[in-house]
S.K.: 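I have a structure here, written as structure tokens, and I will follow up with some questions on it.
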Amino acid sequence: MKVVITDHEYRDLRYEEKILNSKNIELVKMQCKTEDEVIEASHDADGIINLYAPISSRVIGELTNCKVITRYGVGVDTIDLGAATEKGICIGNVPDYGIDEVSDHSLALIMSLLRKINSSNQIVKNGTWDVNLSKPVYRLKTLTIGLVGFGNIPRRLAMKLQALGVNVVVSDPFVSVEIAEESNVTLVSLEELCEKSDVISVHAPLNAGTRGMIGTKEFKLMKKGVYLVNTARGPVIDEKSLIEALENGTVAGVGLDVLESEPIDPNHPFLTMDNVTLTPHMAGYSEESAEEMRSKTALGIIDVLLYGQYPKYLVNKDVKEKVGLKPFVMNERYQF
């Protein structure tokens with residue numbers, strides 16, 4: 001059997017090789033950027049591991065043997081799920097590998113913005129020792145932080161914020177009032193969250209319904225001087241509207257781990273804005289989470305190809321109407 005890694009950003013592929021090569025699966029390592037390159041590399045593959053390369057309906061239409069595609073990380077916006085389902089290809093991801101890492105990173109960006117860490121550091125390094133240039137700073141316990149989305153990561157973040165005495169409100173159309181109450185948070189609409197929050201942290205997945213969900217309308221609802229953090233997906237926030245909100249003072253500062261287009265363009269306005277803190281899509285990273293995520297991505301492949309099971313983290317559940325694999329059975333392979 002043949003598995004193609006369409007693209008990756010790692011120094012080596014030791015975790016993937018350990019799992020797949022030990023099962024006598026040929027592992028082909030590529031760095032595809034276009035649909036044509038993916039088709040050329042993967043047209044006869046039994047399985048595909050994907051990062052950023054496009055797995056469009058056109059690509060899927062050219063796959064002759066593929067039974068499973070797994071994606072590094074949580075988001076599957078690089079893959080046409082409908083086309084994959086129609087062709088009977090299982091799509092898997094790894095939604096639980098970096099819950100602590102991403103929630104920690106979100107908290108770090110929130111605290112850096114609220115305590116003016118980044119801006120104060122630059123002021124001092126530029127030769128000025130004056131606390132007045134960092135004002136105003138407000139007591140954490142007096143603030144309301146709004147979480148857009150309330151999946152595993154924001155739920156962990158809410159626990160950490162609550163330990164600091166912060167009032168937390170959340171907006172998620174798929175979360176019930178009962179779940180919110182169990183987590184000691186207040187469930188509100190997105191509009192109400194924008195109106196009430198002193199800080200907004202975005203944790204929504206990227207799909208047709210969430211693309212640009214934080215835009216001009218939402219910024220007009222926000223308090224003047226709000227802070228914004230995004231560790232989810234860049235296109236969830238409309239960057240043009242965000243830049244306008246930063247320039248007119250609606251948004252006092254922003255911490256972004258993700259952008260509409262990555263890597264950042266050298267001429268992007270964010271690079272010259274003192275109230276913008278940027279990190280290079282690293283929120284999910286730790287040495288431990290990297291091993292877990294990459295290993296689980298490879299394990300999703302052998303779930304299907306070797307064990308005839310649906311991958312543990314099956315995304316397109318409707319594919320079950322097309323293929324007759326066995327239900328996933330938990331085993332020691334997934335102990336991390």
S.K.: Is there side-chain contact between L164 and L107, with heavy atoms separated by less than 4.5 Å?
M.R.: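 Yes, side chains in contact.
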S.K.: Decide whether a cation-pi geometry holds between K320 and Y310; the criteria are a distance under 6.0 Å from NZ or CZ to the six-membered ring centre and an angle within 45° of the ring axis.
M.R.: yes
S.K.: Is K322 salt-bridged to E86, cutoff N-O under 4.0 Å?
M.R.: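 Yes, charged N to carboxylate O under 4.0 Å.
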S.K.: Counting distance only, does the side-chain N/O of E239 pair as donor-acceptor with the main-chain N or O of E260 below 3.5 Å?
M.R.: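 Between the backbone of E260 and the side chain of E239 there is a qualifying donor-acceptor contact (under 3.5 Å).
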S.K.: Under a plain distance cut-off of 3.5 Å, with no hydrogens placed, do T128 and N126 share a side-chain donor-acceptor pair?
M.R.: no
S.K.: With a cut-off of 6.0 Å (strictly less than), are more than 12 heavy atoms of other residues, nucleotides or ligands near CD of E40?
M.R.: no
S.K.: Going by heavy atoms in the side chains, are I110 and S201 under 4.5 Å from each other?
M.R.: yes
S.K.: Would you please test K160 and D104 for salt bridge (charged side-chain N to carboxylate O under 4.0 Å, His left out) and show each step?
M.R.: CA-CA 8 Å; K160 295 170 182 178; D104 285 348; 2.6 Å; yes
S.K.: Would you confirm whether N316, through its side chain, and I89, through its main-chain N or O, come within 3.5 Å as a donor-acceptor pair?
M.R.: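 Here the side-chain-to-backbone pair exists.
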S.K.: Are R58 and D80 close enough for a salt bridge, meaning some N to O gap below 4.0 Å?
M.R.: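 No, R58 and D80 are not salt-bridged.
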S.K.: Can N50 and T78 be said to form a side-chain hydrogen bond (donor to acceptor under 3.5 Å, both in side chains), step by step?
M.R.: CA-CA 8 Å; N50 171 251; T78 56; 2.7 Å; yes
S.K.: Which residue in the set E17, H8, E16 passes side chain to side chain donor-acceptor pair (under 3.5 Å) when paired with K29?
M.R.: E17
S.K.: With a 4.5 Å limit on heavy-atom distance, are the side chains of T6 and I49 in contact?
M.R.: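 No, their side chains stay 4.5 Å or more apart.
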S.K.: Would you kindly confirm whether L147 and L190 end up in one hydrophobic cluster when ILVMFWY residues are joined by side chain heavy atoms under 4.5 Å apart?
M.R.: no
S.K.: Give a yes/no verdict on a cation-pi contact between R294 and Y72, requiring under 6.0 Å between NZ or CZ and the six-membered ring centre and an angle within 45° of the axis.
M.R.: no
S.K.: May I ask whether I55 and I91 are part of the same hydrophobic cluster, defined by side-chain heavy atoms of I, L, V, M, F, W, Y residues being less than 4.5 angstrom apart, directly or through others?
M.R.: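 Yes, same cluster.
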S.K.: Please check this pair: side chain of E262 against backbone of L259, looking for a donor-acceptor N/O pair closer than 3.5 Å.
M.R.: yes
S.K.: Count I, L, V, M, F, W, Y as connected when their side-chain heavy atoms are under 4.5 Å apart, and connections chain through other members. Are L221 and I200 then in the same cluster?
M.R.: no
S.K.: Salt bridge check: are R14 and D12 linked by an N-O gap of less than 4.0 Å?
M.R.: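 Result for this pair is yes, salt bridge flagged.
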S.K.: Any chain of hydrophobic side-chain contacts (each under 4.5 Å) joining L157 to I179?
M.R.: yes
S.K.: Given the rule in the side-chain hydrogen bond (donor to acceptor under 3.5 Å, both in side chains) test, do S241 and T216 qualify, once you have shown the distances and angles that lead to the verdict?
M.R.: CA-CA 5 Å; S241 299; T216 301; 2.8 Å; yes
S.K.: Between N167 and T144, is any side-chain donor less than 3.5 angstrom from a side-chain acceptor?
M.R.: yes
S.K.: Does C66 offer a backbone N or O that forms a donor-acceptor pair with the side chain of D46 under 3.5 Å?
M.R.: no
S.K.: If you take the centroid of each ring, where Trp contributes its six-membered ring, are Y313 and Y97 closer together than 6.0 Å?
M.R.: no
S.K.: I'd like to know whether NZ of K125 has more than 12 heavy-atom contacts from other residues, nucleotides or ligands below 6.0 angstrom.
M.R.: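 Result for NZ/K125: open.
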S.K.: Show your working on side-chain hydrogen bond (donor to acceptor under 3.5 Å, both in side chains) between T250 and N248 and close with a plain yes or no.
M.R.: CA-CA 6 Å; T250 298; N248 66 31; 2.7 Å; yes
S.K.: Would a single hydrophobic cluster contain both I39 and I69, if residues Ile, Leu, Val, Met, Phe, Trp and Tyr are joined by side-chain heavy-atom contacts under 4.5 Å?
M.R.: yes
S.K.: Would you find a donor on one side and an acceptor on the other, under 3.5 Å apart, between the side chain of Q162 and the backbone of S183?
M.R.: yes
S.K.: Would you call D96-K296 a salt bridge at under 4.0 Å N-O?
M.R.: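 Yes, this pair counts.
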S.K.: State which residue, out of T231, T277, T279, fulfils the side chain to side chain donor-acceptor pair (under 3.5 Å) condition with D257.
M.R.: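 Checked T231, T277, T279 against D257; only one passes side chain to side chain donor-acceptor pair (under 3.5 Å): T279.
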S.K.: So, does N121 use its side chain to make a donor-acceptor pair with the main chain of V124 at under 3.5 Å?
M.R.: no
S.K.: Is a side-chain donor-acceptor pair under 3.5 Å present for S286 with S289?
M.R.: yes
S.K.: Does R115 make a cation-pi contact with Y138, if we ask for NZ or CZ under 6.0 Å from the ring centre and within 45° of the axis?
M.R.: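 Geometry flag: not set, cation outside 6.0 Å or 45°.
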S.K.: Do the side chains of K312 and D303 get close enough for a salt bridge, i.e. N-O under 4.0 angstrom?
M.R.: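 No.
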S.K.: Using modelled atom types and a 3.5 Å cut-off, is there a donor and acceptor pairing between side-chain atoms of S197 and backbone atoms of C194?
M.R.: no
S.K.: With a 4.0 Å cut-off on N to O distance, would you call K2 and D44 a salt bridge?
M.R.: yes
S.K.: Taking K33's backbone N and O only, do any of them form a donor-acceptor pair with E37's side chain (distance below 3.5 Å, no angle check)?
M.R.: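 Yes: the side chain of E37 pairs with the backbone of K33.
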S.K.: Quick one: closest heavy-atom pair of V76 and R71, and the distance?
M.R.: CA-CD, 3.9 Å
S.K.: Might you work through the side chain to side chain contact (heavy atoms under 4.5 Å, CB included) test for V199 and L114, ending with a clear yes or no?
M.R.: CA-CA 9 Å; V199 181; L114 289 175; 3.6 Å; yes
S.K.: Just checking R211: does its CZ atom have more than 12 heavy atoms from other residues, nucleotides or ligands closer to it than 6.0 angstrom?
M.R.: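 12 or below, so no.
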S.K.: What do the steps show when you test E292 against S295 for side chain to side chain contact (heavy atoms under 4.5 Å, CB included), and what is the final call?
M.R.: CA-CA 5 Å; E292 180 180 353; S295 298; over 6 Å; no
S.K.: Taking NZ, NE, NH1 and NH2 as the nitrogens, is one of them in K196 or E191 under 4.0 Å from a carboxylate oxygen of the other?
M.R.: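 Not counted as a salt bridge, because no side-chain N and carboxylate O are separated by less than 4.0 Å.
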S.K.: Could you verify whether a donor N or O on one side chain and an acceptor N or O on the other, from E62 and H43, lie under 3.5 Å apart?
M.R.: no
S.K.: So, K87 side chain and L63 main chain: donor-acceptor pair closer than 3.5 Å or not?
M.R.: yes
S.K.: Could you tell me whether the side chain of V254 reaches within less than 4.5 Å of the side chain of N275, counting heavy atoms only?
M.R.: no
S.K.: May I ask you to decide if L51's main-chain N or O and D7's side chain share a donor-acceptor pair within less than 3.5 Å?
M.R.: yes
